[in-house]
Protein chains: 2
Amino acid sequence: MSQMLQIHDQLREMILSLDLGPGERLTERWLESRFEGSRTPIRAALVRLESEELVRRDGRNWIVAPIDLGELEALAEFRLPLETTAVRLACTRASAADIAGIEAMLDACQAGAPREEWHRVGTDFHVEIARLSGNPFIVKAISGAMTRLSRARWLEVWTEPSREQAWAEHRRILSFIKTNDPEAAAREAADHISGTRDRLLRSLSEDRRGLKARGFAVVGLR
Amino acid sequence: MSQMLQIHDQLREMILSLDLGPGERLTERWLESRFEGSRTPIRAALVRLESEELVRRDGRNWIVAPIDLGELEALAEFRLPLETTAVRLACTRASAADIAGIEAMLDACQAGAPREEWHRVGTDFHVEIARLSGNPFIVKAISGAMTRLSRARWLEVWTEPSREQAWAEHRRILSFIKTNDPEAAAREAADHISGTRDRLLRSLSEDRRGLKARGFAVVGLR
DNA sequence: TATCCCATTTTGGTATCCCAAACAAGGCAA
DNA sequence: TTGCCTTGTTTGGGATACCAAAATGGGATA
C-alpha cells in the first residue's frame, strides 16, 4: 500500500479518535516528522482528507475540522429521508443472510464491551442498513454523514438507559426489515434518528463548557 | 488562485464537456505539458478529482471515469427522497426573492439559447432548488448527483417535445413551491425525476452503439 | 510466422530543493 | 509606553531529481 494511503488512514484515525483535537493546526513539516515520510505523500493525504472534510484550510494553513454542533440538525434532516428510503428498500432487497450478519454484529456488542466497540457498532449499524438498500449512493451518503457525526457521538455523555434505548431501536428497525414491514421500519428509523439527534444535542450543549475546557474547537449552535 | 485549483477546474471542465473521453487514460506527464505546470499541482488536482469520481485509478494509471449507464437508476433512486425533501423544506424556508432568482434563471433560457446553456440550466435548476432547502448536506448530495449525471445528460438525444416537457415540469415544481404546496411540489418533483430517468435510459440505450463508435467507454446496463 | 525474452522507455511514487508570502520578534521612534 | 517598521524565520506552493515497477518493443528462436 502506498505511503499516501497509510498516512491518510492513520491521520484519519487520529482525527476521528480525537487524538488530534478539533481545530488543531497541522503543519506539513510536523506531519513529516510524525510519519517519517516526505511532504509529497503527506500533502496528498491532506488533500484527500480535505475532501472528506476531516481537515480544512484556515487561510493557508491546515487545521483539523472543528466540530460544528450547528450542523447536527441539518445532518439529521439529511439522514431522515435517506435512511427511511434505505430501510424500505432493504425490505425488498435484503437476503436473510444479510440481516443475520447485522444481527450478529449487534449481538457481538455485549454489556462488557469497551466503549470504542459500542461507538463503532453504533455507527456501522446505520451504514450496514444502508448497504442493504443495494444503492451505492445511499451507502456513501450515510457513511459520510456518520463519519461527520462520529466525533460528536464520541463526546456524548452516555447514560445507561439512553444506550439501552438506542440499541432497542436498532433491533426493532432490523426486526421490521426481517418481517418485511417497510412502513413500520421507516417509522422506527425516523423516530430513532430524531431521538438520537435530540439526545446528542442535549448532551453536548449541556457539556459545552467542558468541551471547550478540553481545548476542542466547537462551533455553532447559537 | 493556486495553480492546483486552476488545473482542477480546467480538467474538470474538459471531462464534463467530454473533451476528454470517458475511459481515456491520463498520464501525469501529458497533463504536465498540457497545462504547463509541474506534476505537483497536477497530482493534487487529480487526487481532488478522484474524490469527485470524475477521475479514477485503473491499476496504477489515471483514467477519466467511464460513463456507467447502470448507475442511472440508482442515481434516480437516490435523488428521489432527497429532492422531494428539498422541495418540501423549500416551501417553508424559501424567500420570494430566492424563488424569483430561479424563475429568472429559467426565463433566461429561451428557445434560441445554445445547447450548453440548456444543459447547464437543466442541471443547476435542481441544485438551486436544493439550496432553497437551506440544508447544505442536501445541496452537496444533489450537486454531486447532478455532476455524475451531467455527461450522460449531455449525450442524450433531445427531442423538442421532451425538452419542453422537462421545462414545464421545472416550472410546475417551482410554482408549487411558490404557492406553498409542499405535497404537490414533492409529487411533481418525484414524477419529474422518474420521467427524466426513463427518457434518459431510453435515449442512451438506443444510442449505445453510437456512443461506443465515438470511442467512449460506456459500461453497465446489462 | 508465432512466441518468448531481454533491453529500453515510460510511468507513478517519493524525496528534496527553491521560492514568495505570511508571520513573529525585536528594536526604534514618537 | 505605544505603535510602527524592519528583519529573520516558518510555511505552504511549486519544480525538479531519483527510483522501482510496469509497460513496450524488437530481435532471436523454434
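Nothing here was measured: the structure is a model prediction, and the numbers come from that model.
Minimum heavy-atom separation, B:C91 to B:I177: SG-CA, 3.9 Å.
Put simply, CG on B:N61 is 11 Å from P on D:dA22, counting in whole angstrom units. In this structure, CD1 of A:I7 is placed 12 Å from C1' of C:dA15, rounded to the nearest angstrom. In this structure, NE2 of A:H8 is placed 15 Å from P of C:dG13, rounded to the nearest angstrom. Atom CG of B:L46 and atom P of C:dT11 are 14 Å apart (whole Å). Rounding to whole angstrom units, CZ of residue B:R25 and P of C:dT10 are separated by 12 Å. Straight-line distance from the CZ atom of A:R48 to the P atom of C:dG13: 11 Å, rounded to whole Å. Distance A:L31 CG to C:dA15 P: 14 Å, rounded to the nearest Å. Going from atom CD1 of B:I63 over to atom C1' of C:dT11 covers 16 Å, rounded to whole Å.
No salt bridge links A:R199 with A:E206; every basic N to acidic carboxylate O contact stays at or beyond 4.0 Å. A salt bridge links A:R12 and A:E52; the closest N-O separation between the charged side-chain nitrogens and carboxylate oxygens is under 4.0 Å. One finds a salt bridge joining B:R120 and B:E117 here, because a Lys/Arg side-chain nitrogen approaches an Asp/Glu carboxylate oxygen to under 4.0 Å.
A:R115 forms a cation-pi arrangement with A:W154, by the criterion of a distance under 6.0 Å to the ring centre and an angle within 45° of the ring axis. Under a cutoff of 6.0 Å and an axis angle of 45°, B:R25 and B:W62 do not form a cation-pi pair.
Using the Watson-Crick or G-U wobble rule with both distances under 3.5 Å, D:dA30 pairs with C:dT1.
Looking at heavy-atom distances under 4.0 Å, B:L26 makes contact with sugar-phosphate atoms alone, never a base.
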For residues 138-149 of chain B, which side-chain donor-acceptor pairs fall under 3.5 Å, sequence neighbours excluded?
residue: B:K140; atom: NZ; partner: A:E53; partner atom: OE2; Å: 2.6
residue: B:T147; atom: OG1; partner: B:S143; partner atom: O; Å: 2.9
residue: B:R148; atom: NH2; partner: B:E53; partner atom: OE2; Å: 3.4

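How far OG1 of A:T123 is from CH2 of A:W118: 13.5 Å, rounded to the nearest 0.5 Å.
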At a cut-off of 3.5 Å, list every protein nitrogen or oxygen paired with a nitrogen or oxygen from nucleotides 7-9 of chain D, distance to 0.1 Å.
none

Grab the N/O contacts between the protein and nucleotides 13-15 of chain D below 3.5 Å, and write none if there aren't any.
residue: D:dG13; atom: OP1; partner: A:R57; partner atom: NH2; Å: 3.0
residue: D:dG13; atom: OP2; partner: A:R43; partner atom: NH2; Å: 3.4
residue: D:dG13; atom: N7; partner: A:R39; partner atom: NH2; Å: 2.9
residue: D:dG13; atom: O6; partner: A:R39; partner atom: NH1; Å: 3.0
residue: D:dG14; atom: OP1; partner: B:Q3; partner atom: N; Å: 2.7
residue: D:dG14; atom: O3'; partner: B:Q3; partner atom: OE1; Å: 3.4
residue: D:dG14; atom: N7; partner: A:R43; partner atom: NH1; Å: 3.1
residue: D:dA15; atom: OP2; partner: B:Q3; partner atom: OE1; Å: 3.4
residue: D:dA15; atom: OP2; partner: B:S38; partner atom: N; Å: 2.7
residue: D:dA15; atom: OP2; partner: B:S38; partner atom: OG; Å: 2.9
residue: D:dA15; atom: N7; partner: B:T40; partner atom: OG1; Å: 2.6

Next on the checklist: Let's go through B:Q3 and B:H8 carefully: what are the C-alpha distance in whole Å and the side-chain angles of both, what is the deciding distance for side-chain hydrogen bond (donor to acceptor under 3.5 Å, both in side chains) to 0.1 Å, and is it a yes or a no?
Outcome noted: CA-CA 8 Å; B:Q3 226 175 4; B:H8 170 269; over 6 Å; no
